[in-house]
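Everything below concerns the one structure shown next.
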Amino acid sequence: MLDLKFVRGNPELVREALAKRGSPVSLDDFLDLDEQRRDKLFIVEQMKSRRNIVSEEIGRLKKAGKETKDMILEMKELSQQIKERDEEIKVIEEKLQIILLNIPNVPHESVPAGSSEADNPVVRTWGEPRNFDFSPRPHWEIGEALDIIDFERGGKVTGARFSFYKGSGSRLERSVISYMLDLHTAEHNYVEIFPPFMVNRDSMVGTGQLPKFAEDMFKIEGTDYYLIPTAEVPVTNLYRNEILDGEKLPIYHCAYSACFRAEAGAAGRDTRGLIRQHQFNKVELVKFCRPEHSYDELEKLTANAERVLQLLGLPYRVVVLCAGDLGFSSAKTYDIEVWLPSYQDYKEISSCSNFEDYQARRAGIRFRNDKGKAELAHTLNGSGLAVGRTVAAILENYQESDGSVTVPEVLRPYMGGLSRIY
RNA sequence: GGAGGAGUAGCGAAGAGGCUGUAACGCGCCGCACUCGAAAUGCGGUUGUCAUGGAAGUGGCACGUGGGUUCGAAUCCCACCUCCUCCGCCA
């Protein structure tokens, strides 16, 4: 959510910034409602002030045994008017809030122009895609052949875009999760969180999934709860409506969670394999910091996620999202894309974003600054990494001509010493 | 699921329709005094938000949340949420 006063004071700037995203929002209604609100507020506050003064006077007169009938009648009338005007203001404020909640974040000045994924500049590339002396197979074929992933029965037991891991596959998934968490906690100073996998509506609004993207979520019928699409939601909302001790910043958290996404509008995309499932595992990195540090923190966070791929020996590249491809709440995002032989291309495996104060304002996440004043924190997060896609990348990049898969060195301790799945 | 109890500032805690109750008192924190320095002590300060204003300031709102009663609500009424205790059930 943008600052109401900022939008009021800089409508042109906001219009331009949002046009860069390719979905310009009309601010005319907003500015008109804002003016109405302030006009009405000014009047009703004067009325309330009078009510307070006279009511106090009534108390004094009553105590002195004086006549107060006329004053009470007048105040009764005044209170009725106040009530009516308060209603009007409430309606206006609700409309304003809806508009404000549906305006995306303003892209950072360093974000390149562009309208789609195709316009995202490559920032850097790491590793060389392997040259296979045989025809490499996609991970879903490898997984099925080794009997370590079962897509067929996933469909039977639940439905499309669900799967079972089995045996070494199951252990590989678990190993990747543990490995990532151990790396981020031991070497990158993140404090591990194990969050709830369901959150209430306020949390979903806080991080920006709602109200705009309700169709992407799974909601638990008969409750106010949603299945989380990412651990970002519970972990960022950990400090919702709190004023943090400024000394405690920056706060680094990492969290494993299952993630649930309805994938509305993704019909026909990535229909095979682990790439796009309704339920997948992810290790998420979340940061809370002072505004002046958030862009340094974004670089560091991205580097922390890259480190996982480097240690796993998986080739990747980093792209910076152009304005048109930027997520709703984000001011700047780097995507890390891992090499997938089956796609003959790089595929997103992590998305690292600085939300600046956009989420913090929605969620009321503040800290006490050096002057003792409450100030909005900046929030960041990134995948560190998406586990299913990591497993897919391992299976494909480490496959051997005999159909077996070499276990990356760093994962072997987690695999009970297993060096090859066959 | 049933029966009780409780939610007030950073923390603890008082207040039970208007009477120095934006909120005592204690702790914490900041400043000043005393001191060579510190401790102890004393004095002062210490919520957020909205509106208005160049600023100083002025005003509105907020005592878990949302409604209601009243000229006036932290205080009375209703609903909901959270926490605690006991019972039942359960990994």
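These numbers come from a predicted model, not from an experiment. Labels below follow one simple rule: chain letters A, B, ... track the order of the sequence lines, proteins then strands, and each chain is numbered from 1.
- Nucleic acid contact class of A:Lys5 (heavy atoms, under 4.0 Å, all strands): sugar-phosphate only.
- Contacts with RNA chain B (heavy atom under 4.0 Å) in residues 79-101 of chain A: A:Ser79, A:Lys83, A:Lys90, listed by number.
- Checked against B:rC61, B:rG48, B:rC50, the side chain of A:Arg51 finds its nearest nucleotide in B:rC61.
- Taking atom C1' on both nucleotides, B:rC84 is separated from B:rG64 by 15 Å, rounded to a whole Å.
- Ion pairing between a basic and an acidic side chain is recognised when a charged N comes within 4.0 Å of a carboxylate O; A:Glu74 and A:Lys69 show no such pairing.
- Residue A:Glu45 places a side-chain atom within donor-acceptor reach of the base of B:rG59, judged by atom type and a 3.5 Å distance cut-off alone.
- No engagement by A:Asp245 is indicated, since no non-hydrogen atom pair under 4.0 Å with the nucleic acid exists.
- Atoms CD1 (A:Ile243) and C1' (B:rA62) sit 14 Å apart, rounded to a whole Å.
- By the 4.5 Å heavy-atom criterion applied to side chains, A:Arg201 and A:Tyr226 are counted as neighbours.
- Note on A:Asn52: a side-chain N or O is less than 4.0 Å away from OP1 or OP2 of B:rG60.
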Treat a base pair as Watson-Crick or G-U wobble with both distances under 3.5 Å, then lay out RNA chain B in dot-bracket form, 5' to 3', with | for cross-strand pairs.
-> ((((((((.[[[..)..(......]]]((((((.......))))))((((((....)))))).[[[[[..)....]]]]])))))))....

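- Here, B:rG26 and B:rA9 have their C1' atoms 14 Å apart, quoted to the whole Å.
- Residues forming a side chain to side chain contact (heavy atoms under 4.5 Å, CB included) with A:Asp202 (at least two apart in sequence, or on another chain): A:Asn200, A:Arg240.
- Between A:Arg368 and the phosphate of B:rC30, there is no side-chain N or O to OP1/OP2 separation shorter than 4.0 Å.
- The interatomic distance linking A:Glu242 (CD) with B:rA9 (P) rounds to 14 Å, in whole Å.
- Each of B:rG59, B:rU52, B:rC71 was ranked by its minimum atom distance to the side chain of A:Ile72; first place goes to B:rC71.
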